[in-house]
Q: 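The structure that follows is given in the form of structure tokens.
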Amino acid sequence: MAAVRLISTSTVCAENYKASDGRIELNSWDIRHLQIGYIQKGLVFAMPMQDKDTLIRHLKTSLSTALHHFPLLAGRLATTQHEDDDTVSFFVDCNDAGALFIHAAADGVTVSDIIKPVYVPSVVHSCFPLNGLHNYKGITNPLLGVQVTDLVDGIFIGCSINHVAADGTSFWHFLNSWSEISKGSINLSKPPVFQRWFADGMDIPIRIPRSCIDVNQCKDDFVQRPTLERIFHFSKETIAELKAKANTEISTDKISSLQALLSHIWRSVIRNRSFEPNEETKYRIVVGARQRCRELPDNYFGNAILGTFVAMKAKELMEQGIGNPAWRLNRKIAAITGESLKKFLESWPGSPDFITLHGGDALITSSSPRFDMYGTDFGWGKPVAVRSGSSNKFDGVLTLFCGAEAGSVDVEVCLFPETLEAIANDQEFMDTVTN
């Protein structure tokens, strides 16, 4: 498949920039993401009616207007060195240094070439900007990058946002807002709130000992075998059947559709990884804080998430159906309350640790099918597919997308090739997948 060809690179600044936008002090939820990569999600569209030059001008203009409403994304990460106690603090300098905008072309590549192959083609990763950057590099690099890649019969809009500045909810908040502006909206339906939440009595800014911040840990200190990605589609009806089965097995009605689906996938992956019966496997999930902390407004823009995990031995996972692991996921999630989230926020500066991502015995879920991905309409129709970039990818990462049909879910599974091939031959699993 053809390589992606660069057409132009530019910097887009905020329309009507106000120096008063100032700085945004970052809290524990934000700073923990320094050592992982940017969030990368992209949308595939059928060919817009406008000619390419008009389209690119329009997207740049509407992006500039969007940055007026989201000045944080036109800024840069910044630090303050505190010599009195040998610590450092982090903030976003809303200095309007600008967002990266790339126009590129994948010559000879069609929409079908992107969405039809069994495995996600490598050209998809080339449709994203700011590849390979860890979030701490937002000090000298844009916090937002957009790449518009021309296809033969469509376009791919790839977006990369620094994870210190935003979580998945905020990522789609921005993308949905930009598309509203592109369609001609003057007032945003959901104006963002950037002021970070700090629990009462917390010291602001958060000071971190310099000894705790080792950017060398961000570097890939291990060479991972190549992985492949495949997208599995689950219909609304299949998910409902999995939910009913899981709840019946445990004699409850509390297991959600998503918990049942993730349990089903977890079991298939471990079955096809050929784990030893007593070998422990973990499932790592991310829990949102917005609906649990009443102090957070719905339009809070930043990070409001906390990770947790469930551990089981392989034989337990295999022998106990989907109900037991789904119930364990349910209980783990239910245990995370507004109070526990607040305690974490308060206690983290006393013993700071940073999120690191690596493969091994764990599966890790990112993104959410609850995000409004297919509602991102820039004025020429809804996207035909959603894809993710190469950032934060390794063996065991599951990326969740809402399906194009209401209630359906697409799961992008990143695994070693032999495991993906074994899953494709796993009849119990494939019987639940819709082609």
Q: Do Y300 and D167 have side chains that get closer than 4.5 Å, going by heavy atoms?
A: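 They are not in side-chain contact.
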Q: What residue among V164, N162, L144 forms side chain to side chain contact (heavy atoms under 4.5 Å, CB included) with Y38?
A: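 That would be N162.
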Q: V413 pairs by side chain to side chain contact (heavy atoms under 4.5 Å, CB included) with which of L363, I231, T227, L398?
A: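 Of the listed residues L363, I231, T227, L398, the side chain to side chain contact (heavy atoms under 4.5 Å, CB included) partner of V413 is L398.
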Q: Any salt bridge between K315 and E279, counting N to O under 4.0 Å?
A: no
Q: Do the ring centers of F156 and F45 come within less than 6.0 Å of each other?
A: no
Q: If only atom types and distance count, is the side chain of E229 paired as donor or acceptor with the main-chain N or O of E412 below 3.5 Å?
A: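 No; zero donor-acceptor contacts below 3.5 Å.
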Q: Quick check: F429 with H264 (ring centres under 6.0 Å apart)?
A: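 Under 6.0 Å, so yes.
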Q: Are the ring centres of F309 and Y283 closer than 6.0 Å?
A: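 F309 vs Y283: aromatic centres not under 6.0 Å.
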Q: Hey, mind stepping through D426 and R271 against side-chain contact (heavy atoms from CB on, under 4.5 Å) and telling me if it holds?
A: CA-CA 9 Å; D426 180 349; R271 182 164 59 242; 2.8 Å; yes
Q: Have S189 and E180 got a donor and an acceptor in their side chains that come within less than 3.5 Å?
A: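 Yes - a donor-acceptor pair under 3.5 Å links their side chains.
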Q: As a quick check of understanding, evaluate ring-ring contact (aromatic ring centres under 6.0 Å, His included) for H69 and F174, giving each step before the final call.
A: CA-CA 9 Å; H69 297 281; F174 168 73; over 10 Å; no
Q: Can any side-chain N or O of S28 pair as donor or acceptor with the backbone N or O of W348 at less than 3.5 Å?
A: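 Looks like no, no N/O pair under 3.5 Å.
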Q: Name the one of V409, D410, V411 that satisfies side chain to side chain contact (heavy atoms under 4.5 Å, CB included) with H233?
A: D410
Q: Would a line drawn from the ring center of F378 to the ring center of W178 be shorter than 6.0 Å?
A: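 Ring centroids of F378 and W178 are less than 6.0 Å from each other.
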Q: Looking at E421 and R230, is any side-chain nitrogen of the basic one under 4.0 Å from a carboxylate oxygen of the acidic one?
A: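 No.
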Q: Among K41, H125, K393, exactly one meets side chain to side chain donor-acceptor pair (under 3.5 Å) together with S388. Which residue is that?
A: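 Of all the options given, the one that passes is K393.
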Q: Within the distance-only criterion (no hydrogens, no angle test), does the side chain of D93 pair as donor or acceptor with the backbone N or O of R76 below 3.5 angstrom?
A: no
Q: Looking at I336, is its backbone amide N or carbonyl O close enough to the side chain of R292 to form a donor-acceptor pair, meaning the two atoms are under 3.5 Å apart?
A: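 Here the side-chain-to-backbone pair exists.
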Q: Could you check whether R32 makes a cation-pi contact with F354, meaning its NZ or CZ is under 6.0 Å from the centre of the six-membered ring and within 45° of the ring axis?
A: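 Negative - R32 is either too far from the ring of F354 or too far off its axis.
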Q: Hey, are T238 and S235 close enough side-chain-wise for a donor-acceptor pair under 3.5 Å?
A: yes
Q: Is E15 reaching over with its side chain to a backbone N or O of T65, donor-acceptor style, under 3.5 angstrom?
A: no
Q: Could you check whether any side-chain heavy atom of W327 comes within less than 4.5 Å of a side-chain heavy atom of Q259, counting everything from C-beta outward?
A: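 No; the side chains remain at least 4.5 Å from each other.
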Q: For K243 and E241: C-alpha separation, side-chain torsions, deciding distance, then whether salt bridge (charged side-chain N to carboxylate O under 4.0 Å, His left out) applies.
A: CA-CA 5 Å; K243 177 183 178 182; E241 291 170 4; over 6 Å; no
Q: Does atom NZ of K190 have more than 12 heavy-atom neighbours, drawn from other residues, nucleotides or ligands, at distances under 6.0 Å?
A: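 Result for NZ/K190: enclosed.
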Q: State plainly whether the residues D200 and K342 are in salt-bridge range, i.e. N to O under 4.0 Å.
A: no
Q: Would you call R207-D85 a salt bridge at under 4.0 Å N-O?
A: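 So R207 pairs with D85 through a salt bridge.
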Q: Indicate yes or no: does D377 engage K382 in a salt bridge with an N to O separation below 4.0 Å.
A: no
